[in-house]
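Worksheet for the structure shown next.
From a predicted model like this one, the values you see are computed outputs, not experimental measurements. Whatever order the structure lists ligands and atoms in, that order sets their numbers, starting from 1. The basis for the numbers below is simple: all heavy atoms, side chains too, and nothing from hydrogens, waters or symmetry mates.
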Amino acid sequence: MIHTQPNTKVNLLGLPLEKMEAFFLELGEKRFRASQVLKWIHHYGVSDFDAMTNLGKPLRERLKLIAEIRAPEVVFESHSEDGTRKWVIKLDGGSCVETVLIPEGNRATLCVSSQIGCALDCSFCSTGKQGFNRNLSAAEIIGQVWIASKTLSKGHGLNDRSVSNVVLMGMGEPLLNFDNVVDALNLMMQDLGYGISKRRVTLSTAGVVPGIDQLREVTDVALAISLHAPNNALRNELVPINKKYPIEELLAACHRYLQVLGDKRVITIEYILIDAVNDQPEHARELADLLHDLPCKINLIPFNPIPNSDYRRSPRNSVAAFQSILNKAGYVSTVRKTRGDDIDAACGQLAGDVMDRTRRSSRYISLSQH
Ligand code: SAH
């Protein structure tokens, strides 16, 4: 007889130290079992309890009955000419999300997804056009780091720090999946996880103000804000959540977050440059005024084309003029290099394969057919 019971095993992949300890204590086991198992999972990439040789056989058998270490399934992997790698990852339920690794010098930045699709519908982003399906679990978020580290280490153990930086800039709005994202962030930073410094873990948000305030209660990871416009009228069009949390409230939340970052750390302001939409000299001047009292650096992102959109990338000279206005006003700004666009891995091009639960993707498809 075939049993089709839902899988009720606890997936240990997503448990940070404190939750792993609680799990073992509840089983009546010693606390140190948590560190042993965490090391096997995240330092050695092991998913089979039988390989955990420092656990006694009875404990291993017991774990097999009630728990599992299950990363999402990689269905496709591609390599860009510039070294960028993209993994398409299939999740329970059948939708796919994408994870991108961007090597640069001796750094390797992993761009991680936090939701299947996104509910925010920013006008320039292809993820938003896919609609929204569900939040990723902590195991599915940290599973992306696990998969990348495991592929890179080629079975030699994961603690060679092959992923040096993580940015939550893949699919989804991380602050709308708060608890799972925080568990995954903790695992990225804990020594028994990936040991990545809090300065090298960046959460990027479209501006969920209560989420920013909640975040500073529990962590001090680096924060990036997808601002993209210097005034509310324009931002309402590009980033619709601005209608709920306008720029003044967003910047006030940034100031509050800065208090947990301490003196030398700043907030990253992300600003996509779209031709003739938000890339004019007056926008740059308005942005410089707007941010005058916020310790920040500005990351300018040339728009990457997405299907069925009239937006175009700003020409090179507009980008240069925009940056020069900011630099003259005293800002540190960088222009993000486009990486991985030959494999659709560049910012805003991550579409995955979302089984939409909203009606947005069908609306989008029917609009784009006209
Ligand atoms: N929801 C979060 C995390 C998603 S990453 C947020 O909004 O910050 C979002 C980032 O992807 C944006 O800041 C922008 O930097 C980038 N992005 C989205 N669409 C893009 C596009 N078409 N071209 C270039 N960058 C894009």
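Listed by atom number, the atoms of ligand 1 under 4.0 Å from Phe303 heavy atoms are 21 (C), 22 (N), 23 (N). Set against the non-hydrogen atoms of Arg336, the atoms of ligand 1 under 4.0 Å away are 15 (O). Each of the following atoms of ligand 1 lies closer than 4.0 Å to a heavy atom of Gly170: 4 (C), 5 (S). If you number the atoms of ligand 1 from 1 as listed, the ones under 4.0 Å from a heavy atom of Ile301 come out as 14 (C), 15 (O), 24 (C), 25 (N). Residue contact check: Ala206 has heavy atoms under 4.0 Å from atoms 6 (C), 7 (O), 8 (O) of ligand 1. Taking a cut-off of under 4.0 Å to the non-hydrogen atoms of Met169, the atoms of ligand 1 that pass are 5 (S).
Looking at Ile306 against ligand 1, only its side chain comes within 4.0 Å, counting heavy atoms. For Asn304, heavy-atom contacts with ligand 1 shorter than 4.0 Å involve the backbone as well as the side chain. Contacts of Glu270 with ligand 1, taken as heavy-atom pairs under 4.0 Å, involve the side chain alone. Only the backbone of Thr205 comes within 4.0 Å of ligand 1, judged by heavy-atom distances.
Remark: distances from the non-hydrogen atoms of Ala224 to ligand 1 are all 4.0 Å or more. At least one heavy atom of Gly172 sits less than 4.0 Å from an atom of ligand 1. Ligand 1 lies nowhere less than 4.0 angstrom from a heavy atom belonging to Met171.
In this structure, Lys90 does not pair ionically with Glu73, as no charged nitrogen and carboxylate oxygen lie closer than 4.0 Å.
The closest side-chain donor-acceptor pair between Thr205 and Glu173 falls under 3.5 angstrom. Judged purely by distance below 3.5 Å, without hydrogens or angles, the side chains of Asn299 and Thr334 pair a donor atom with an acceptor atom. Gln36 and Arg33 form a side-chain donor-acceptor contact under 3.5 Å, judged by distance and modelled atom types alone.
Between Phe124 and His228, the gap from one ring centroid to the other is short of 6.0 Å.
Each of Arg134, Arg70, Gln115 was compared with Glu140 under the side-chain hydrogen bond (donor to acceptor under 3.5 Å, both in side chains) criterion, and only Arg134 meets it.
If you chain together hydrophobic residues whose side chains sit under 4.5 Å apart, Ile66 and Val37 fall into the same group. Both Leu65 and Leu55 belong to a common hydrophobic cluster when Ile, Leu, Val, Met, Phe, Trp and Tyr are linked at side-chain heavy-atom distances under 4.5 angstrom.
At least one N/O-N/O distance between Ser226 and ligand 1 falls below 3.5 Å.
Here the closest heavy-atom approach between residue Gly207 and residue Leu250 is recorded as CA-CD1, 3.6 Å.
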